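Remarks on the structure that follows.
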Amino acid sequence: MAFNLKALLGMLFVFIGCCSNVVFLELIIQIDPGAGNLITFAQFLFIALEGLVFTSKFFTVSPKIALKDYAILVLLFFGANVCNNYAFNFNIPMPLHMIFRSGSLMANMIMGIVLLKKRYSLRQYSSVAMITAGIILCTLVSSGDVKDNTHHSLRVDTSYSDFFWWSVGISLLTIALLVTAYMGIYQEVIYKRHGKHPNEALFYTHMLPLPGFFIMAGNIVQHFGIAMSSEPVAVPLLGAIGLEWKFPLMLFYLLCNVITQYVCISAVYLLTTECASLTVTLVVTLRKFVSLLFSIIYFRNPFTLNHWLGTVLVFFGTILFANVINQLKDAYQARVSGKQRFDTAPKPKKVQ
């Protein structure tokens, strides 16, 4: 079997980029849970600037897909990202956020049945039922311990309870889940029509929505002010050469989050081009589980036995849906039978 260095690097950077991205996201949320719009804007701006230089080459490269076809995709992508990050402003803990986002297969099936009139196997229906049950269980358990996590400088008295705002956060995550699923279907339609152009799509889906952030400009500026006023920390590399320059801690976390988000997205794109869908599913699912474990252990997020039961249902349901176990078994049997054929093949006779 040929050694695929690109695939190995893709797997490595999925874990490094995506796991560290979640860590920096949680570090930001601990300081300012309402920074979702600021985080989304920073991520979009960074990836748009990178694409402007290296993909579009300052708009000298014509897009392979018409901009009008990108319009709906951009609206869906923008809406889903804003909802996902803004949900932290409504008392949503990080573990629940990760578990909820792992329900993408459930949303994909719903959209497939409603829009494409698809029919699925009993195994797939069973796996989605497990994922749904796991998400509902984790959500119900988390609903019993809702706390207001708004930044102290923005906290105001309201007649609505913490549970009400938590319900708003759950609604945002649900909307983001369904919008992302519909976006996947629409993406397939575009790719069938024009072919796959991942780098171009990455650039335009991040560049075109930038004007939409003007709607949230007040909120973004407000939370950027919180980031700038966060605890200053010395930059170690500058300290080594005798320069004492301090940097706001939250701003440092934000920069790290943006960079690791780019590494994560790029690694996943690389993995999808170099590996089979089975491998991608396994790597991404395992990465999510590692991120969840790190969040629970390192950040000491409350996680009960019921949370663990819900998590097992979600992740095992994902593995079952992708038919990972049977595919691994088939791959192993094919490898063994291939080796046996090689071993039993007649050996060439030696020339006297």
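Fair warning: this is a prediction, and the values are worked out from it, not measured in the lab.
- Side-chain contact between V141 and T304: present, with at least one pair of heavy atoms (C-beta onward) separated by less than 4.5 Å.
- By the criterion of side-chain heavy atoms lying less than 4.5 angstrom apart, applied directly or through intervening Ile, Leu, Val, Met, Phe, Trp or Tyr residues, L75 is not grouped with F44; the two fall into different hydrophobic clusters.
- Aromatic pair F46/H206: ring centres not closer than 6.0 Å.
- The number of heavy atoms from other shown groups lying within 6.0 Å of CZ (F13) does not exceed 12.
- Nearest heavy atom pair, residue A227 against residue M250, reads CA-SD, 3.7 Å.
- Checked by atom type, the side-chain pair N85/T40 shows a donor-acceptor distance below 3.5 Å.
- Within the 3.5 Å criterion, the main-chain N or O of S121 finds a donor-acceptor partner in the side chain of Q124.
- The heavy-atom pair separating I131 from G103 by the smallest distance is CG2-CA, 3.9 Å.
- For F224, the CZ atom sits in a loose shell: 12 or fewer heavy atoms of surrounding residues, nucleotides or ligands are nearer than 6.0 Å.
- Between L52 and F59 there is a side-chain heavy-atom pair separated by less than 4.5 Å.
- Under the 4.5 Å side-chain criterion, counting only non-hydrogen atoms from C-beta, T174 is in contact with F100.
- Each of F299, Y253, F88 was compared with E26 under the side chain to side chain contact (heavy atoms under 4.5 Å, CB included) criterion, and only F299 meets it.
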Report the C-alpha separation of L254 and L251 in whole Å, then their side-chain angles, then the decisive distance to 0.1 Å, and conclude whether the side-chain contact (heavy atoms from CB on, under 4.5 Å) test is met. CA-CA 5 Å; L254 182 62; L251 196 59; 4.2 Å; yes
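- Judged by distance alone, with hydrogens and angles left aside, the side-chain atoms of H223 form a donor-acceptor pair with the main-chain N or O of G34 at under 3.5 Å.
- For the pair E231 (side chain) and P248 (backbone), a donor-acceptor distance under 3.5 Å is absent.
- Between Y70 and the choices Y204, Y186, F203, the ring pair (Phe, Tyr, Trp, His ring centres under 6.0 Å) rule is met once, by Y204.
- Ring geometry, Y125 versus Y120: the interplanar angle exceeds 60°, so the pair is classed perpendicular (tilted spans 30 to 60°).
- V168 and L140 end up in different hydrophobic clusters when Ile, Leu, Val, Met, Phe, Trp and Tyr side chains are linked at under 4.5 Å.
- Checked by atom type and distance alone, the side chain of N81 pairs as donor or acceptor with a backbone atom of F77 at under 3.5 Å.
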side-chain contact (heavy atoms from CB on, under 4.5 Å) between L9 and K6, intermediate numbers included: CA-CA 5 Å; L9 288 174; K6 281 188 177 180; 5.8 Å; no
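- For the atom pair N257 CG and N21 CG, the distance stands at 4.5 Å (nearest 0.5 Å).
- Heavy atoms only, all atoms of each residue included: A48 and M207 are closest at CB-CA, 3.8 Å.
- Put simply, the side chain of S295 never gets that close to the backbone of S291: no donor and acceptor are under 3.5 Å apart.
- At least one side-chain heavy atom of L96 sits less than 4.5 Å from a side-chain heavy atom of W166.
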Determine, stepwise, if the pair Q43 / Q261 fulfils side-chain contact (heavy atoms from CB on, under 4.5 Å). CA-CA 7 Å; Q43 290 174 347; Q261 172 76 0; 3.9 Å; yes
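- Heavy-atom minimum distance, S20 versus G17: OG-O, 3.1 Å.
- L293 and L305 fall into different hydrophobic clusters, where Ile, Leu, Val, Met, Phe, Trp and Tyr residues are linked whenever their side-chain heavy atoms come under 4.5 Å apart, directly or through other members.
- A donor-acceptor pair under 3.5 Å is absent between the side-chain atoms of E274 and the main chain of G10, judged by distance alone.
- Taken to the nearest 0.5 Å, the CD1 atom of I99 stands 3.5 Å off from the SG atom of C138.
- When all heavy atoms of L178 and A107 are compared, the closest pair comes out as CD2-CB, 4.2 Å.
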Check the pair I259 / Y262 against side-chain contact (heavy atoms from CB on, under 4.5 Å), numbers first and verdict last. CA-CA 5 Å; I259 293 168; Y262 174 72; 5.8 Å; no
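- Contact of the L177 side chain with the M106 side chain is registered, since non-hydrogen atoms from C-beta on lie closer than 4.5 Å.
- Using modelled atom types, no side-chain atom of N37 and backbone atom of I220 make a donor-acceptor pair closer than 3.5 Å.
- Taken together through direct or relayed side-chain contacts under 4.5 Å among Ile, Leu, Val, Met, Phe, Trp and Tyr, V312 and V314 form parts of separate hydrophobic clusters.
- Considering only heavy atoms from C-beta on, M94 stays 4.5 Å or farther from L292 through its side chain.
- Atoms NZ and CD, from K196 and E188 in turn, are 8.5 Å apart once rounded to the nearest 0.5 Å.
- Contact annotation: the side chain of R287 approaches that of C19 to within less than 4.5 Å [non-hydrogen atoms, C-beta and beyond].
- Residues V284 and L270 do not share a hydrophobic cluster, clusters being chains of Ile/Leu/Val/Met/Phe/Trp/Tyr side chains in contact below 4.5 Å.
- Of the possible polar contacts, one joining the H97 side chain to the N84 backbone as a donor-acceptor pair under 3.5 Å is found.
- T180 OG1 to M111 CE: the interatomic distance, rounded to the nearest 0.5 Å, is 9.5 Å.
- Relative orientation of the F294 and Y298 rings is parallel, given thresholds of 30° and 60° on the angle between their planes.
- Scanning both residues, G195 and I65, for their nearest heavy atoms gives O-CD1, 4.3 Å.
- Summarising the geometry, atom OG1 belonging to T139 is positioned 5.0 Å from atom CD1 belonging to I170; distances are rounded to the nearest 0.5 Å.
- From L320, atom CG reaches atom OG of S127 across 5.0 Å, with rounding to the nearest 0.5 Å.
- The shortest distance between side-chain heavy atoms of T55 and V61 does not fall below 4.5 Å.
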